[in-house]
Number of protein chains: 2
Amino acid sequence: MIDETDRRILVRLQRDATTPYAELAAAVGLSAASVHARVRRLRESGVIRRTTVEVDPAAVGRGVLAFVTVTGDVWMGDPDTVEAFAGIAGIEEAHIVAGTASVLVKVRAATTEGLQSVLREIFHVPGVTGTQTTVVLETGFSRPVTPEVPSP
Amino acid sequence: MIDETDRRILVRLQRDATTPYAELAAAVGLSAASVHARVRRLRESGVIRRTTVEVDPAAVGRGVLAFVTVTGDVWMGDPDTVEAFAGIAGIEEAHIVAGTASVLVKVRAATTEGLQSVLREIFHVPGVTGTQTTVVLETGFSRPVTPEVPSP
DNA sequence: GTTGAAAACATGAGTGG
DNA sequence: CCACTCATGTTTTCAAC
């Protein structure tokens with residue numbers, strides 16, 4: 001289980017993962033080596049899944065964002081179906097959901113034409129009987145999964 | 001504008017942002033200093049928005065994920081409304097969308113009770129007339145916005 | 001874009017609470 | 001088990017080319 005100090009380290013790393021351990025240490029009131037040991041444990045235990053860069057989608061040819069609810073005539077939660085969705089490059093996330101749709105998919109494409117071709121690929125996944133697409137006009141904001149912390 | 005080399009660097013940094021410049025340099029066939037200069041430019045131009053850690057939501061008390069479509073009787077795309085959504089801690093993303101709903105929101109909470117309280121907060125945002133919630137049972141996958149690259 | 005040196009940083013060993 | 005200090009090896013970073 002993680003404690004308050006871990007959470008404070010996590011929040012700072014989410015804001016900027018290039019922050020030196022010495023600076024993190026000063027912020028949480030520990031030595032750099034201790035913070036290092038904690039981050040190491042957080043990585044090994046899977047709390048920190050990876051260190052990554054957030055890329056502007058429009059800059060890499062993925063300026064169009066849409067959410068697609070996919071319905072099917074078979075259960076779409078098993079590995080084969082998930083793999084099939086994973087094989088479609090434009091899909092960023094796939095979630096098995098409760099309710100009428102069985103899968104909710106987040107799609108990024110260069111243009112609406114590219115979006116159309118992703119939809120075509122989705123239709124080719126075995127069991128898919130229909131899709132309903134919601135196109136995003138503008139993203140208000142998007143931020144990391146923030147743990148609750150009293151004083152950042 | 002970014003070139004092929006930039007894209008290849010981006011893909012590798014997305015996979016692991018702790019990769020040393022020397023290793024990136026070897027992968028793309030440049031010197032470490034060149035790669036450093038490129039990454040610097042990518043950051044300053046906003047292509048790389050930030051370097052961050054991906055945290056397991058369940059480990060920080062956000063194991064419940066839901067997508068909420070929010071309808072309103074006023075236009076919900078202006079800054080005030082977006083700010084109001086940003087003020088709700090459980091909301092990870094807010095998108096202004098085309099179609100019947102005006103805003104699509106991604107919510108993370110510790111429990112279904114926590115989800116309920118986020119929904120209550122959403123209802124308190126001026127102009128909101130209704131919500132429709134889709135609860136995620138399981139996330140099939142979630143990955144970075146990948147630029148298209150011939151050989152990674 | 002390159003090389004090479006200097007500074008900053010991460011990392012591991014050993015020690016004590 | 002957790003945190004500290006100190007020493008060492010990498011890595012980042014910035015000159016000059």
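All chains are named by letter (A, B, ...) in the order of the sequence lines, taking the proteins before the strands, and each is independently numbered beginning at 1.
A salt bridge links B:Glu44 with B:Arg40; the closest basic N to acidic carboxylate O contact falls under 4.0 Å. B:Arg38 has a carboxylate O that lies under 4.0 Å from a charged side-chain N of B:Asp3, or vice versa, which qualifies the two as a salt bridge.
Using a 4.0 Å cut-off on heavy atoms, the residues of residues 32-44 of chain B that approach DNA chain C are B:Ala33, B:Ser34, B:Arg38, listed by number. Listed by residue number, the members of residues 18-26 of chain A with any heavy atom below 4.0 angstrom from DNA chain D form an empty set.
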Give the table of side-chain donor-acceptor pairs shorter than 3.5 Å for residues 71-90 of chain B, with sequence neighbours excluded, one pair per line with atom names and distance.
unit_1	atom_1	unit_2	atom_2	d
B:Thr71	OG1	B:Gly130	N	3.4
B:Thr71	OG1	B:Gly130	O	3.3
B:Asp78	OD1	B:Thr81	OG1	2.9

Enumerate donor-acceptor pairs with a distance under 3.5 Å from any side-chain N or O in residues 120-127 of chain B to protein atoms, sequence neighbours excluded.
none

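Base pairing in DNA chain C yields stems of at least 3 consecutive Watson-Crick or G-U pairs, both distances under 3.5 Å, namely C:1-5 with D:13-17, C:7-17 with D:1-11.
With sequence neighbours left out, B:Glu113 forms a salt bridge (Lys or Arg N to Asp or Glu O under 4.0 Å) with no residue at all. Checked against side chain to side chain donor-acceptor pair (under 3.5 Å), A:Thr51 has the following partners two or more places apart in sequence or in another chain: A:Arg43. Residues meeting the side chain to side chain contact (heavy atoms under 4.5 Å, CB included) test with B:Glu93, sequence neighbours left out: A:Phe67, A:Glu93, A:Lys106, A:Ser142, B:His95, B:Lys106.
The environment of B:Arg41 atom CZ is dense: over 12 non-hydrogen atoms of other residues, nucleotides or ligands sit within 6.0 angstrom.
Residue pairs that meet the side chain to side chain donor-acceptor pair (under 3.5 Å) test with at least one member in residues 21-36 of chain A, sequence neighbours left out, are A:Ser31-A:Ser34. Among residue pairs with one or both ends in residues 47-58 of chain A, those qualifying as salt bridge (Lys or Arg N to Asp or Glu O under 4.0 Å) are A:Arg49-B:Asp56, A:Arg50-B:Glu54, A:Glu54-B:Arg50, A:Asp56-B:Arg49; sequence neighbours excluded. Residue pairs satisfying the ring-ring contact (aromatic ring centres under 6.0 Å, His included) criterion with at least one member in residues 41-62 of chain B, sequence neighbours excluded, are absent.
Between atom CG of residue B:Leu115 and atom CZ of residue B:Arg62 there is a gap of 11.5 Å, rounded to the nearest 0.5 Å.
Between chain B and DNA chain D, the heavy-atom contact criterion of under 4.0 Å yields a 5' to 3' nucleotide range of D:dT11 to D:dC14.
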